[in-house]
Amino acid sequence: MNHPEITISSCYVRNVFMKALSVSVLLSLLVTIAEGNSHNLVQCSQNIALRYFTARTVVVSHSNFITRNKSHYDHCHVRSLKLAAVKDAKPSCLQEDTRKLLMKAIYQTEKWPLLVLEAQNETPKLQNTPIKHGSYMLLVQEDESAVEEVKFQMQKLKTNIGWNPRAKYIVMILQTVITPNNTLAKDILSELWHSKVVNAVVLRQTSVSKLNIYTSFPYHPRGRCGDIRDVVLLDSCITKKERKCHFLHSTSLFPEKIPRDLYGCPFIVSTFEYEPFMMKRKEVSTVDYEDGLDRRLIRVIGQTLNTTMVMRPPPQDGSRWGFLLENGTWVGVTAEIMHGYSDLALVGWFYRCHIINEIECSFPYLIDEARWYVPCAQPYPRWMSLTRVFKNSLWLGFLTAYVTVALVMWQVVKISNRISTKPTENQSYTSLVKCLLNFWAIILEESASNNPPHVAVIRGIFLMWVLYCWAVNTVYQTYLTSFLIDPGLQHQLSSEEEILRSGIAYGIPTTMVSILPGLSDNRYRHKLRCDDVEICQHRLATKADLALFFTKYNNEYMAALKYMDGDGKPLVCQFDGSYYRQYVVIPVPKGNPMLDAYNNVIRLVHQAGLIEKWWKDLKYTATLSSAKDFNLPVGEYIKLTLAHLQSAFYFLFLGYGMSIMSFLSEVLCRHKLIVPK
Ligand SMILES: *[C@@H]1O[C@H](CO)[C@@H](O)[C@H](O)[C@H]1NC(C)=O
Ligand SMILES: *[C@@H]1O[C@H](CO)[C@@H](O)[C@H](O)[C@H]1NC(C)=O
Ligand SMILES: *[C@@H]1O[C@H](CO)[C@@H](O)[C@H](O)[C@H]1NC(C)=O
Ligand SMILES: *[C@@H]1O[C@H](CO)[C@@H](O)[C@H](O)[C@H]1NC(C)=O
């Protein structure tokens with residue numbers, strides 16, 4: 001039974017007891033119909049809520065401006081009391097009444113926390129903890145601006161931190177005229193779909209006692225890709241005489257709407273080239289990459305869901321993953337997801353969902369590490385081998401012993417000569433210089449020029465010195481051999497503290513600072529921005545004058561691919577202890593209905609150990625490709641080269657140089673030396 005012509009204000013409904021004041025039969029009839037509208041809506045919504053809502057907060061959203069406009073409220077109220085002037089009644093009164101009835105109905109069930117949001121008001125700062133809302137009820141007045149109204153309410157709801165697009169939505173259309181027009185329901189559902197809301201039903205009255213429940217399926221029939229073109233009548237609420245509401249059928253009002261097979265629907269992926277996640281951009285008209293961890297994962301997701309993955313070109317400004325600008329806007333891939341330009345991003349994206357409300361994250365499919373990379377230690381220069389065997393203190397001790405023993409010998413020989421009755425046999429230890437030279441010969445394992453005198457004390461000292469030199473020499477030569485062959489490595493930076501203290505330049509990419517706010521600390525004030533990580537990696541590996549804070553997977557891959565020396569040793573080193581472990585996830589715009597499907601794929605891929613296998617494969621391939629430049633020695637033994645004996649030759653030339661100089665000075669100064677004779 002339709003009443004397309006009857007326009008009525010439900011202000012009259014506000015108070016059921018006001019019915020008694022009805023003065024005419026007509027008015028009484030109008031009141032019943034309008035009251036029926038609000039009442040049926042509320043009854044039906046309450047029924048749906050009892051059947052489907054979870055225990056979480058129920059949000060009632062409306063755009064009622066009455067509560068703000070006191071005079072309007074009074075006006076509405078007075079009208080309802082007077083029961084007059086039906087024709088110019090304001091539709092907003094209808095909202096006010098329905099809202100009150102609804103809140104009463106929800107409140108009386110005592111089942112859910114209730115939150116009432118008015119679109120006109122400022123965003124309430126009620127919730128500090130991001131506990132997501134469980135369900136929403138939207139009140140919308142049926143008129144030409146109804147869709148705008150929904151859009152506006154959604155915008156307001158989204159600013160709330162507990163906004164949950166996966167919740168169940170009931171949109172209640174408040175009618176002043178009852179018509180069988182479905183266009184509005186479709187438009188509203190389509191508008192909700194723009195906000196990624198899928199689980200929504202629209203309630204609309206089609207006759208006095210019948211309320212239809214509509215929904216829509218964005219991916220149905222097969223081949224339709226997230227496009228709402230029609231609505232489906234799911235069920236109807238029938239109001240019986242005793243004002244109770246019953247469902248006509250018992251179909252599920254919130255069925256699964258995302259099919260398992262999407263029949264090739266296109267999905268837009270934000271990405272850019274970043275080893276080892278996305279590698280080697282193909283030279284084709286569309287954007288695509290040849291390989292990479294994420295490239296393989298996308299392929300699996302695409303195959304599982306039967307979707308076509310369309311890759312976006314890399315972010316124009318080169319900001320890659322993106323970071324927070326000082327004026328509060330995000331850039332890069334993160335911004336693309338936030339604004340919904342793409343459906344997902346796959347590029348080794350670190351978990352940031354705790355700081356960005358507009359993004360949701362999948363399960364992690366990888367755990368990356370952020371850590372310091374430092375230049376590898378350089379070997380000691382080989383020319384130092386001869387002297388590096390002993391520490392300076394030992395050299396000093398040796399020298400002291402040498403001089404002391406020479407002095408002692410000299411004195412002992414002197415005293416022995418003085419007290420001796422026999423004439424001295426030989427003169428070889430009678431002066432300090434002679435002692436020093438003789439003992440020097442023993443150090444170098446030469447025989448001393450003459451036998452020492454046959455005096456027990458002198459011979460004793462001589463023997464002691466010979467033994468001492470024998471021991472020291474043996475040790476020295478043993479060590480010298482190993483130093484000549486392998487001079488060892490200089491000290492390598494081995495802690496963050498050391499990096500900061502050593503004065504070496506260090507780079508921290510801005511994107512890392514945005515995830516780890518601790519890095520913007522004063523402690524790291526001298527950091528370089530390193531926005532192009534590759535340049536920094538190159539500098540680290542080739543010039544070795546930079547430490548870099550970056551992620552494990554990329555750095556290890558780049559090291560395997562590019563930064564190996566001729567002996568197959570890495571040019572980029574690390575020390576124990578990672579700074580931070582990071583979850584690598586797939587970010588999607590908040591509410592993306594595909595998230596569960598992605599999570600399923602990730603779980604399976606993870607359980608199969610595929611990610612780990614892919615990573616090993618990729619690294620192995622990279623090592624192979626760089627191995628063609630290696631010149632590894634065959635076998636364990638190496639031939640000594642001139643380089644190994646560098647230090648010996650240097651000392652030889654030093655000696656020759658000094659000999660030549662002394663020879664020249666002798667030649668030049670001969671006259672001076674001879675003349676005085
Ligand atoms: C308040 O309501 C009255 C009555 O409907 C209306 O005339 C007035 O313009 C409203 N004021 C505002 C600020 O909306
Ligand atoms: C249904 O309502 C829409 C506006 O919501 C209007 O544009 C359309 O003409 C109406 N259709 C009918 C058949 O009344
Ligand atoms: C995947 O989608 C295509 C249409 O793009 C369809 O022809 C094909 O049958 C689907 N594959 C599966 C396994 O359902
Ligand atoms: C922030 O700055 C960037 C460039 O510096 C600009 O593109 C963007 O529009 C700015 N955003 C706001 C909200 O001012």
Side-chain angles (χ1 to χ4, degrees), residues 122-123 125 152 155-156 158-161 163 198 217-229 255-270 272 284-288 295-346 352 355-359 508-515 517 520 527-532 587 589-590 592-605 608 610:
E122 291 302 306
T123 320
K125 302 271 180 250
F152 187 59
Q155 273 170 5
K156 282 287 169 182
K158 275 187 207 173
T159 57
N160 198 293
I161 192 163
W163 183 58
V198 195
F217 292 83
Y219 292 96
H220 186 86
R222 70 168 53 156
R224 192 174 282 180
C225 299
D227 182 14
I228 288 179
R229 281 185 229 155
E256 186 56 51
K257 290 188 182 169
I258 305 299
R260 297 210 162 170
D261 187 343
L262 289 164
Y263 282 92
C265 282
F267 276 72
I268 300 169
V269 183
S270 279
F272 51 83
V284 286
S285 53
T286 56
V287 182
D288 203 355
R295 184 70 193 83
R296 295 182 185 197
L297 185 58
I298 288 184
R299 198 170 296 140
V300 173
I301 292 179
Q303 280 169 358
T304 317
L305 306 181
N306 199 8
T307 56
T308 315
M309 294 295 183
V310 182
M311 307 222 184
R312 269 177 75 92
Q316 289 302 319
D317 51 1
S319 46
R320 316 244 262 172
W321 302 270
F323 42 83
L324 192 60
L325 292 179
E326 273 169 14
N327 65 11
T329 40
W330 281 85
V331 291
V333 161
T334 311
E336 287 178 6
I337 296 287
M338 280 171 79
H339 299 141
Y341 299 156
S342 52
D343 295 299
L344 67 159
L346 259 165
R352 290 174 177 84
I355 44 176
I356 308 174
N357 194 25
E358 293 87 345
I359 286 185
I508 304 180
T510 318
T511 173
M512 304 295 293
V513 182
S514 75
I515 316 169
S520 49
K527 62 176 177 278
L528 306 179
R529 281 172 61 98
C530 263
D531 282 338
D532 193 339
K590 186 160 182 172
N592 188 317
M594 294 297 157
L595 186 59
D596 287 341
Y598 301 154
N599 276 339
N600 269 339
V601 176
I602 289 178
R603 213 186 51 233
L604 295 178
V605 164
L610 282 179

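Atoms within each ligand, like the ligands themselves, are counted from 1 in listed order.
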Taking 4.0 angstrom as the limit and counting only heavy atoms of Asp261, give me the atoms of ligand 3 inside it, by number and element. 10 (C), 11 (N), 12 (C), 14 (O)
Which N/O atoms of ligand 4 sit under 3.5 Å from a protein N/O, and at what distances?
unit_1, atom_1, unit_2, atom_2, d
ligand 4, 2 (O), Asn327, ND2, 2.3
ligand 4, 11 (N), Asn327, ND2, 3.0
ligand 4, 14 (O), Asn327, ND2, 3.3

Has the side chain of Asp343 got a donor or acceptor atom that lies under 3.5 Å from a matching backbone atom of Ile268? yes
When you compare the side chains of Thr286 and Asp288, does any donor N or O come within less than 3.5 Å of an acceptor on the partner? no
Between Lys590 (side chain only) and Trp163 (backbone N and O only), is there a donor and an acceptor less than 3.5 Å apart? yes
Applying side chain to side chain donor-acceptor pair (under 3.5 Å), name anything that partners Ser270, two or more places apart in sequence or on another chain. Glu336, Ser342
Is Asn592 reaching over with its side chain to a backbone N or O of Leu344, donor-acceptor style, under 3.5 angstrom? no
Can you find a heavy atom in the side chain of Arg296 that is under 4.5 Å from one in the side chain of Leu610? no
Closer than 4.0 Å to some heavy atom of Gly264 - which atoms of ligand 3 meet that? 2 (O), 5 (O)
Any side-chain donor near an acceptor of the partner, Arg320 and Thr510, under 3.5 Å: no
